[in-house]
Student: 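The structure under discussion is supplied below as structure tokens; questions concerning it will follow.
Just the heavy atoms: all of them, side chains too, but no hydrogens, waters or symmetry mates, feed the values below. In this chain, residues are counted from 1 in sequence order.
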Amino acid sequence: MFTIGDFARHGRVSVRMLRHYDATGLLRPAHVDPSTGYRYYTAAQLARLNRVIALKDLGFTLKQVRDIVDETVATEEIRGMLRLRRAELETAVSTAGARLVQVEARLRAIESEGHMPTNDVVIKAVPAVRVAELTATAASFEPEAISPVIGPLYDELFRRLGTAGITPTGPGVAYYEDAPEGDGRISVHAAVQVSAPLQDGAVRVLDLLPLDRAATIVHRGSMDTVLPTAQALARWVDANGYRSAGYPREINLECPENRDDWVTELQSPVTPA
């Protein structure tokens with residue numbers, strides 16, 4: 001048998017944790033000396049300890065852990081619990097990864113403060129263009145609110161275009177407006193250029209209005225990292241005697257499978273200040 005200290009070392013846990021598991025009935029010592037109260041454990045109990053730690057690290061409550069290791073939960077129910085927890089962890093990892101991308105984008109935006117964009121900013125007129133689009137609402141214009149909305153919109157748009165036999169004739173065009181319901185919500189339009197009759201069916205086909213004057217800049221990379229480019233364009237607009245007149249459009253010039261190789265033109269409508 002092992003003393004509680006030896007067992008803690010072999011199990012790579014703290015003595016305090018073992019005492020807590022004893023108090024809650026999760027892992028009781030194999031023997032307790034009646035005269036000294038010293039706890040003793042066997043090597044065989046390491047298997048239970050390993051399962052307890054693994055389940056706890058997966059986020060289960062101590063009661064759930066006890067039910068599982070005591071086999072009071074059916075095998076199929078355990079599988080369901082583990083699948084659910086795996087899905088929760090995968091979502092958490094994905095969310096954390098997306099948040100990290102936005103933190104890095106903010107850092108790059110901060111580092112570029114005070115510098116004019118090295119990309120060429122061009123003032124030009126943007127003609128009207130016919131597009132097919134789907135629209136949904138995002139909670140805000142924050143990247144973490146836009147990305148989960150616009151990606152599925154484009155997937156569904158291209159699926160419907162294929163079903164309708166409509167072939168895109170030009171790049172994708174994403175544009176944004178304040179949603180009618182207000183409260184900071186944004187109408188997200190996922191569109192692509194087409195040459196099809198105007199319609200309002202499974203997909204809406206419309207003529208996107210021209211922009212008399214737009215400040216444009218090219219962003220290279222995933223749209224998750226567009227913030228420094230967008231803010232560089234905003235600084236250029238302010239420094240050169242213009243005023244922003246709406247949300248910028250995003251023209252998807254190149255969209256290879258690797259999102260880091262995307263090329264997107266931002267078209268910010270402007271008026272003289």
Student: Contact between Tyr247 and Ile186 at the side-chain level, heavy atoms closer than 4.5 Å - yes or no?
Tutor: yes
Student: Would you indicate whether the side-chain heavy atoms of Pro29 and Met1 approach each other to under 4.5 Å?
Tutor: no
Student: Is there a side-chain contact between Tyr176 and Ser187, using heavy atoms and a 4.5 Å cut-off?
Tutor: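 Side-chain contact under 4.5 Å: no.
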Student: When rounded to the nearest 0.5 angstrom, what is the spacing between OH in Tyr154 and CG in Leu161?
Tutor: 11.0 Å
Student: Donor-acceptor pair, Thr216 side chain versus Val122 backbone, under 3.5 Å?
Tutor: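 Between the backbone of Val122 and the side chain of Thr216 there is a qualifying donor-acceptor contact (under 3.5 Å).
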Student: Applying side-chain contact (heavy atoms from CB on, under 4.5 Å) to Asp67 and Phe60, what does each step give before you reach the verdict?
Tutor: CA-CA 11 Å; Asp67 290 343; Phe60 290 107; over 6 Å; no
Student: Report the C-alpha distance between Glu181 and Thr137 in whole Å, list the side-chain angles of each, state the deciding distance to 0.1 Å, and finish with yes or no for side-chain contact (heavy atoms from CB on, under 4.5 Å).
Tutor: CA-CA 10 Å; Glu181 55 264 45; Thr137 301; 3.5 Å; yes
Student: Roughly how far, to the nearest 0.5 Å, is the CD1 atom of Ile146 from the CG atom of Asp224?
Tutor: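 If I round to the nearest 0.5 Å, the distance is 11.5 Å.
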Student: Hey, could you give me the CZ/OG1 distance between Arg130 and Thr169, rounded to the nearest 0.5 Å?
Tutor: 10.0 Å
Student: For Asp155 and Arg159, run salt bridge (charged side-chain N to carboxylate O under 4.0 Å, His left out): C-alpha distance rounded to whole Å, both residues' side-chain angles, the deciding distance at 0.1 Å, then the answer.
Tutor: CA-CA 6 Å; Asp155 291 341; Arg159 187 191 70 78; over 6 Å; no
Student: Tell me whether Thr91 contacts the main-chain N or O of Ala87 through its side chain, where contact means a donor paired with an acceptor under 3.5 Å.
Tutor: yes
Student: Looking at every non-hydrogen atom in both residues, tell me the closest pair between Thr229 and Val218 and how far apart they are.
Tutor: CG2-O, 4.1 Å
Student: Any heavy-atom pair between the side chains of Leu209 and Tyr175 that's under 4.5 Å?
Tutor: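 A side-chain contact is absent here, since even the closest heavy-atom pair is not under 4.5 Å.
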Student: Salt bridge between Glu76 and Arg83, side-chain N to carboxylate O under 4.0 Å?
Tutor: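 Yes, charged N to carboxylate O under 4.0 Å.
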Student: So which heavy atom on Val270 is nearest to which on Ile123, and how close?
Tutor: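 That would be CG2-CD1, 4.3 Å.
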Student: Take Leu62 and His20 through the side-chain contact (heavy atoms from CB on, under 4.5 Å) test and state the conclusion after the steps.
Tutor: CA-CA 11 Å; Leu62 291 184; His20 179 62; 3.5 Å; yes
Student: Closest heavy-atom contact between Pro143 and Pro148?
Tutor: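 That closest heavy-atom pairing would be O-CD, 4.2 Å.
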Student: Measuring only between side-chain heavy atoms, which start at C-beta, is Gln45 closer than 4.5 Å to Leu49?
Tutor: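 They are not in side-chain contact.
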Student: Nearest 0.5 angstrom please: Leu208 CG to Arg249 CZ, how far?
Tutor: 4.0 Å
Student: Could you pull out the closest heavy-atom pair between Val149 and Pro152, with the gap in Å?
Tutor: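 Heavy atoms of Val149 and Pro152 come nearest at O-CD, 3.5 Å.
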Student: Do Tyr242 and Val126 belong to the same hydrophobic cluster, where Ile, Leu, Val, Met, Phe, Trp and Tyr are linked whenever their side-chain heavy atoms lie under 4.5 Å apart, directly or via other members?
Tutor: no
Student: Taking all non-hydrogen atoms of both residues into account, name the closest pair between Thr271 and Arg213 and its distance.
Tutor: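 Heavy-atom minimum between the residues: CA-NH1, 4.3 Å.
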Student: Determine all donor-acceptor pairs shorter than 3.5 Å in which one atom belongs to a side chain in residues 4-11; sequence neighbours excluded.
Tutor:
| from | atom 1 | to | atom 2 | distance (Å) |
| --- | --- | --- | --- | --- |
| Asp6 | OD1 | Arg9 | NH2 | 2.1 |
| Asp6 | OD2 | Thr3 | OG1 | 3.3 |

Student: Is the shortest heavy-atom distance from the side chain of His219 to the side chain of Thr225 under 4.5 Å?
Tutor: yes
Student: Applying a strict under-4.5 Å side-chain criterion to I, L, V, M, F, W and Y, I'd like to know whether Leu18 and Val65 cluster together.
Tutor: yes
Student: Around Asn50, counting heavy atoms of other residues, nucleotides and ligands shown, do more than 12 lie under 6.0 Å from its CG?
Tutor: yes
Student: Is Trp236 linked to Leu211 within one hydrophobic cluster, defined over Ile, Leu, Val, Met, Phe, Trp and Tyr using a side-chain heavy-atom separation of less than 4.5 Å?
Tutor: no
Student: Output the distance between atom CD (Glu133) and atom CG (Leu157), rounded to the nearest 0.5 Å.
Tutor: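 Rounded to the nearest 0.5 Å, the CD-CG separation comes to 8.5 Å.
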Student: A quick test of your reading: do over 12 heavy atoms of other residues, nucleotides or ligands sit less than 6.0 Å from CZ of Phe141?
Tutor: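 Buried by this count: over 12 neighbours within 6.0 Å.
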Student: If we ignore hydrogens and angles and just use 3.5 Å, is the side chain of Arg160 paired with the main-chain N or O of Ala202 as donor and acceptor?
Tutor: yes
Student: Do Leu55 and Leu89 land in one hydrophobic cluster if side-chain heavy atoms of ILVMFWY residues count as linked below 4.5 Å?
Tutor: yes
Student: Nearest 0.5 Å, please: how far is CD in Gln267 from NZ in Lys124?
Tutor: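 The CD atom of Gln267 is 5.5 Å from NZ of Lys124, to the nearest 0.5 Å.
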Student: Which heavy atom of Ala196 sits nearest to which heavy atom of Ile166, and what is that distance?
Tutor: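 Closest approach of Ala196 to Ile166, heavy atoms only: CB-CG2, 4.3 Å.
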Student: Within the 4.5 Å heavy-atom criterion, are Asp260 and Ser222 side-chain neighbours or not?
Tutor: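 Side-chain contact under 4.5 Å: yes.
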Student: Within the structure provided, determine whether Glu254 and Asp261 are in side-chain contact (heavy-atom separation under 4.5 Å).
Tutor: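 Heavy-atom side-chain distance check fails, nothing below 4.5 Å.
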Student: Checking salt bridge (charged side-chain N to carboxylate O under 4.0 Å, His left out) against Asp70, which of Arg28, Arg48, Arg51 comes through?
Tutor: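 The passing option is Arg48.
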Student: Side-chain heavy atoms under 4.5 angstrom apart, residues restricted to Ile, Leu, Val, Met, Phe, Trp, Tyr: same cluster for Ile150 and Ile251?
Tutor: no
